[in-house]
Number of protein chains: 2
Amino acid sequence: MKKTEKPGTLHWLARKAGVSIATISRTLRRPDSVAPQTRQRILALVERHRFVPDGRASTFSSNRSGVIGLIVPTISNSIYAEFTEAIQNRLQAAGLNLLIANANYSAELEREIIRKLIESRVEGVILTGYDRDPGLYQLLRRYKIPFVVTWSISPKPSIPAISFDNYAAATEATELLVKLGHRRIALICGVTAINDRAAQRLAAYRDVLRRYKISFDRALVAEHPFEIEISADATTRLMSLQKPPTAIFCANDIQALGALFTCQRLQFRVPDDVSIIGFDDLPITRVVIPPLSTVHIPAAQMGNAAADALIDAARKGIPVKSRKIDTEIIMRGSTGAPPARVRIRSSSPS
Amino acid sequence: MKKTEKPGTLHWLARKAGVSIATISRTLRRPDSVAPQTRQRILALVERHRFVPDGRASTFSSNRSGVIGLIVPTISNSIYAEFTEAIQNRLQAAGLNLLIANANYSAELEREIIRKLIESRVEGVILTGYDRDPGLYQLLRRYKIPFVVTWSISPKPSIPAISFDNYAAATEATELLVKLGHRRIALICGVTAINDRAAQRLAAYRDVLRRYKISFDRALVAEHPFEIEISADATTRLMSLQKPPTAIFCANDIQALGALFTCQRLQFRVPDDVSIIGFDDLPITRVVIPPLSTVHIPAAQMGNAAADALIDAARKGIPVKSRKIDTEIIMRGSTGAPPARVRIRSSSPS
DNA sequence: TTGTACGCGTTATCAC
DNA sequence: GTGATAACGCGTACAA
């Protein structure tokens, strides 16, 4: 007496249709392998009952989850949106699903996410940055889950990375300011302790200063989360120094915008009194006044490449190969030569 | 001869430990229900072999997927980031996982996503906007998946919504401009055909004009995707009209920023020559010059409420109840009375 | 406290 | 072209 099959399953539908579950399954997966007549009857039934097969069971039985996990450190920076959308499009075309996870700049949370992804046996993982507990990489390998690091070039060859070179890009940006004649250059960047991209950009900044024999001043470096208001406050502090900088390298466009508006609010002209260069090349940098000079990051290109690599890895077993993406300095209106004489500030900022 | 259990499974580990799979499973799920000695031995083994149980199998066997799906129309607007992070935090605290999906303002893509979510038997779905094929709601109900609409109040009581009222908020914003004395008010909003939030805000704008006997001018309405450069172009067109508007209501802060910078670029003073009011209250609105007047949307609060509702629905079977969230007009520096005399533009914008 | 055995819903492999 | 049935890996009632 099995008249009461649980509704919404193949068994149940098979009974209703008077065929075997195999036939239903086939109708759904490879309709051609079923007689047109049978197919029609079954499809009508599927339609009528709004049958949606249990993906967990099928993934489980076929041993293909069909999902790629993407872990981003934040979703509030739209540069990751461009990146994510590129990945999504590529995966969709390949019949894979994207699972987006936000680690919120927390190593702890990222660890949990990676574990969850392994638990659900994703077919690939796209990571942001390389700096994490090596055990996590081992875990991914242990379960034969292909992965790729993005937004950062890994120092270890064993960890495949598809990314631009943060150090090189930041070097270029800092050097540009030096070549414009600046000697007092501030840096606003992310929190290097939890962000290897920020750390690399800071390292580049320091190294350029050293190379040009410019003394490094700790007071000119501000590490902060990527929130525009925090960056604005940091800029206020920077520009209130006895000797304010004549240029600010912001290792992130959000921070650059905070710096730009704050300088203007404090009556510093950009770029006449102070130059600002950003990093990422968000669309808004082209619209603000003056347009922001910045480092263009081909986020979509990087996303495409990472997605393609994982598709090949998941479907054809091709190991992920590291690849470097080019960046480009975009000169717009926020950078120029330093003012001829050191500007003396007459009153404190409000 | 079952010596060669497949590695990375409970069976395999059970054999290694010399216990049954049940004991391993128990050790992992409810450690207390196992003798300390056994537990230690097993945990050591789990640790050593980096064992990660197959979540699909467990979810499948326990019939609890433990995931809530969130579908946002875009991830490039940081207002959704705040929303998403609130949801994520709440769910995490409740032991549920968040699956973020980006529908990219495509009904087609959203349909596929909803189907995928049902396939994976998520325990709840958070939707953005109410306007979609009713069949999708039926499908969710059919599989007893609790859902809630956000960012939009549903006109149908059968569809639970936890949201602010777009129409009311937009009415307030438009009315504010009218009360400041503006009669020539432009609207820049999203594409109403694919965005019910934009449609409601447009409806509010029209109704306010009608109520105040201000004639509706199609030329003053610009529907566009939420990209700052597109909004900038639209503003250029608007401000190049024979009789440019004295105020612009932007149903989105991104578009408001595009409008602000463009007006300034065209030498219109904000708010002296033209007032601008946005919608969302992004952090950047407090930093730009002048600070942008806007409608504050309590995105985090809405996210918390939606998450809580779904947690209760998934865990305690409590049906989701609609709830209205309050918005608030934030007056800052971008709005004021219209100029005394109509400004005559002397040359065409570059 | 621990082990046995069944069920979860699908896919894949054979026979027929 | 179709049906029967053995996996897939885990959770869990029930037995020991």
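Lettering follows sequence order; numbering is per chain, from 1. Every heavy atom of this structure was used, including side-chain atoms; hydrogens, water molecules and symmetry mates were not.
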Contact class for [X] vs. all strands (heavy atom < 4.0 Å): base, sugar-phosphate, or nothing?
| X | value |
| --- | --- |
| B:A22 | base |
| A:N63 | nothing |
| A:R29 | sugar-phosphate |
| A:T38 | sugar-phosphate |

Looking at [N], I'd like to know if its phosphate oxygens (OP1 or OP2) sit under 4.0 Å from a side-chain N or O belonging to [X].
| X | N | result |
| --- | --- | --- |
| A:S25 | C:dT10 | no |
| B:K6 | D:dC8 | no |
| B:S62 | C:dC8 | no |

Modelled atom types, side-chain donor and acceptor of A:R132 and A:Y137, under 3.5 Å: yes

Salt-bridged, B:R56 to B:D54, with N to O below 4.0 Å? yes

Using a strict threshold of under 4.0 Å (side-chain N to carboxylate O), is an ion pair present between B:E112 and B:R115? no

Please confirm whether the backbone N or O of B:G66 pairs with a side-chain atom of B:E123, one donor and one acceptor, at under 3.5 Å? yes

Side-chain donor/acceptor of [X] to base of [N], under 3.5 Å:
| X | N | result |
| --- | --- | --- |
| B:R121 | C:dG9 | no |
| A:S61 | C:dT10 | yes |
| B:R30 | D:dG11 | no |

